[in-house]
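These notes are about the structure you will find just below.
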Amino acid sequence: MSGLDVAVLVELRAALEAGLTPGAALQAAAGRSPLAPVARSLRVGQPVFEAARGVDTGDAVADLLVRALGVAEVGGAGAVLAVEQADHAGREEAAVDRLLRSRTAQARGTAKVLTLVPLCAWVLLVALDASALGFYATAPGIATGLPALGLAAAGHRWARRIVEGAGRAAVEADPLAPPRPAP
C-alpha cells in the first residue's frame, strides 16, 4: 500500500488550485511524506521535471505523482489532474493489495497450521512424557529429529514462496509498473 497520505494529496491539490506552480505546491505539501526528499531537491532549485527523471521515493504512487507533476510543469497545465490520478492510482493499489490478501488468506493460514501443528504436537508429547526428550539424544533420535526440523522449515519456506509468488505475479502483470532489475 502507498505510504503517501491522502492529506498530502488534498493539500497539494488545494495549493495547485490556489495558483501555486507544481514545484511550489509540492514543497508546501510534502511534509514528512515520501515526497520530502523530492521537496528538498526542489528547494535548492531543481525543476520538478528534472527531479521526476530519477525519482525513486520507494512509493510507486509518490513516484507517479512526481512524474505527472513534472509533465504538468513542462506542459503548463494539468497539475490538479495529476494529483487526482495519483490519488486514484493509490486507491486502486490498495484495492489490489486487499484482494491479494483475501485471496491468499487460506494459503497463508494453511502454511501456518502446517508449521505449527507438528511443533505443538512435539511440545505436547514432551510435556506429557519428559523421557521422550531423551530419545532425541540418541542416534535414531538425531537421525529423525534433524531431518524433521529441516523438512518443517523447508515446507514453511515453500508455502511462503508460493504466496509471495502470487503477489509478485500481480505486480508484474501491471503494464504501467516500472521495470524491475533482473535478480
For [X], the rest of its hydrophobic cluster, which grows through side-chain links under 4.5 angstrom:
{"X": "Leu124", "value": "Leu128"}
{"X": "Leu20", "value": "none"}
{"X": "Leu151", "value": "none"}

Please enumerate all residues that pass salt bridge (charged side-chain N to carboxylate O under 4.0 Å, His left out) together with [X], with sequence neighbours excluded.
{"X": "Glu164", "result": "Arg160"}
{"X": "Asp87", "result": "Arg91"}
{"X": "Glu50", "result": "none"}

Please list all pairs meeting salt bridge (charged side-chain N to carboxylate O under 4.0 Å, His left out) that have one or both residues in residues 107-133, counting only residues at least two apart or in different chains. none
Residues 13-23 vs salt bridge (charged side-chain N to carboxylate O under 4.0 Å, His left out), sequence neighbours excluded, gives Arg13-Glu17, Arg13-Glu84
side-chain contact (heavy atoms from CB on, under 4.5 Å) with Leu116: which residues, sequence neighbours excluded? none
Shortest non-hydrogen contact from [X] toward [Y]:
{"X": "Val61", "Y": "Gly90", "answer": "CG2-CA, 3.6 Å"}
{"X": "Val66", "Y": "Ala52", "answer": "O-CB, 3.6 Å"}
{"X": "Ala39", "Y": "Leu26", "answer": "CB-O, 4.2 Å"}
{"X": "Val8", "Y": "Ser33", "answer": "CG2-CB, 3.9 Å"}
{"X": "Ala51", "Y": "Val38", "answer": "CB-CG1, 4.1 Å"}
{"X": "Glu11", "Y": "Ala28", "answer": "OE2-O, 3.1 Å"}

Name each donor-acceptor pair under 3.5 Å that joins a side chain in residues 73-83 to protein atoms two or more places apart or in another chain, with its distance.
from  : atom 1 : to    : atom 2 : distance (Å)
Glu73 : OE1    : Val48 : N      : 3.1
Glu73 : OE1    : Phe49 : N      : 3.1

Under a 3.5 Å distance rule, please check whether Arg43 uses its side chain to pair with a backbone N or O of Gln27 as donor and acceptor. yes
Are Leu65 and Leu9 packed together at the side-chain level, in the sense that at least one heavy-atom pair is separated by less than 4.5 angstrom? yes
Which residue pairs satisfy the ring-ring contact (aromatic ring centres under 6.0 Å, His included) criterion with at least one member in residues 118-169, sequence neighbours excluded? Trp122-Tyr136
Show every ring-ring contact (aromatic ring centres under 6.0 Å, His included) that has at least one partner inside residues 57-107, sequence neighbours left out. none
Leu69 side, atom CG; Leu64 side, atom CG - distance, nearest 0.5 Å: 9.5 Å
